[in-house]
Amino acid sequence: MSRPFFPAMDHVHMAHALRLAAQGMHTTQPNPRVGCVIARGETVLGTGWHRRAGEPHAEVHALREAGESARGATAYVTLEPCAHHGRTPPCADALIAAGVGRVVIAHEDPFDKVDGAGIAKLRDAGIGVQVGLMREQARELNIGFFSRIERGRPWVRVKLAMSLDGRTALADGSSKWITGDAARDDVQRWRARASAILSASGTVLADDPHLTVRLPGDDRFVPPLRAILDTRLRTPQGAHVIDAAAPTLLLHAPDVAVPAHLAAVDRATVRLDDHGGLDLRAALHVLALRDVNEVHVEAGPVLCGALLAAGLADELLVYIAPVLLGSSARPMLALPPLDDMASRWRLDTIDRRQVGDDTRLQLRPANAAKAGA
């Protein structure tokens, strides 16, 4: 089957729609980030992006701005328009009612209540529909949404900060601060785009982290869920992760006594693996059932290494500081020993950039399947 042809102006308008969609990076959870441009030739008639779950979708904002001029125009949408009544009416119906003549869609929506129904409804109304323009860019923008819908688990991004010699803390556990201010500020933006921040009770006991988002002047984001793997419910009274600053979910083993100070904290049981720890795949499934799209992991080398070894770490976000901590310092990941060099862990570099004095690498396991692909 041949790919549809898209003129240069189509690329210009879809790129615009993708930039609009990215404005919802921190605010649309659990919905996907979607942008829309209504245009006639080179002239943009209306634009919109989905701002927050429960509020109007991108197409509605663009159609309102375009008004009557939308009739006969082309709508560029980064994700298939919805065809069902959720918290808002179907966007496919709104495009039909506005009389648009053509709809260009970057990517189909895999959600079972849409999944081709929006495209079919538009075509049944006599509207020309083309799909696939800048598909990969649209998928990347909503990589967690596609992962949750298609794989039944969130996209897992493991954040690590290390020295040039691959160490994340001194032998006594001291790690503040390996990286500089710019890198730590950058981490806040990655936290903000996540649906959940995942850690473990060992990190809670050692560091008492807040695991919240601190973005000065930006209160629009949906606070990520703090998900703590706490097999035996060891999170102590007064720990920051159970304060009121953000929602918290404690994931623990079945048949564990609940301490009084955790009685009011949201909890979920997870089956144990063969080693007596929480089954990580099952834990991620619990998060998916709670509409978590992207998981941002900030934990010690044991959990981070276990996620990678189990094939559950989809991405590594590694900050490398120009410092040395020495051979007695703690390693970045706890991984099983290798028999030979052919078994080494291979990673693809997705992005490399300077963040202040530090270097940030965005890495993905080589040859790993794309989310749902």
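Quantities reported herein were computed from a predicted structural model and do not represent experimental measurements.
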Between [X] and [Y], is any pair of side-chain heavy atoms under 4.5 Å apart?
X	Y	answer
Val34	His57	no
Asp266	Pro247	no
Ile178	Leu325	yes
Arg148	Ser195	no
Leu278	Leu272	yes
Arg153	Asp314	yes

Return yes when atom [atom1] of [X] has more than 12 non-hydrogen atoms of other residues, nucleotides or ligands closer than 6.0 Å, and no otherwise.
X	atom1	value
His285	NE2	no
Arg214	CZ	yes
Gln354	CD	yes
Asp165	CG	yes
Arg123	CZ	yes
Asp255	CG	no

Which pair of heavy atoms, one from [X] and one from [Y], lies closest together, and at what distance?
X	Y	value
Leu20	Cys36	CD1-O, 3.6 Å
Val241	Pro209	CG1-O, 3.3 Å
Gly35	Ala21	N-CB, 3.2 Å

Tell me yes or no: between the side chains of Arg167 and Ser163, is some donor less than 3.5 Å from an acceptor? no
Donor-acceptor pair between Arg353 and Gln362 side chains, under 3.5 angstrom: no
Can you label the angle between the Tyr76 ring and the His13 ring as parallel, tilted or perpendicular, going by 30° and 60°? tilted
His107 vs Phe146 aromatic rings, parallel, tilted or perpendicular, using cut-offs 30° and 60°? tilted
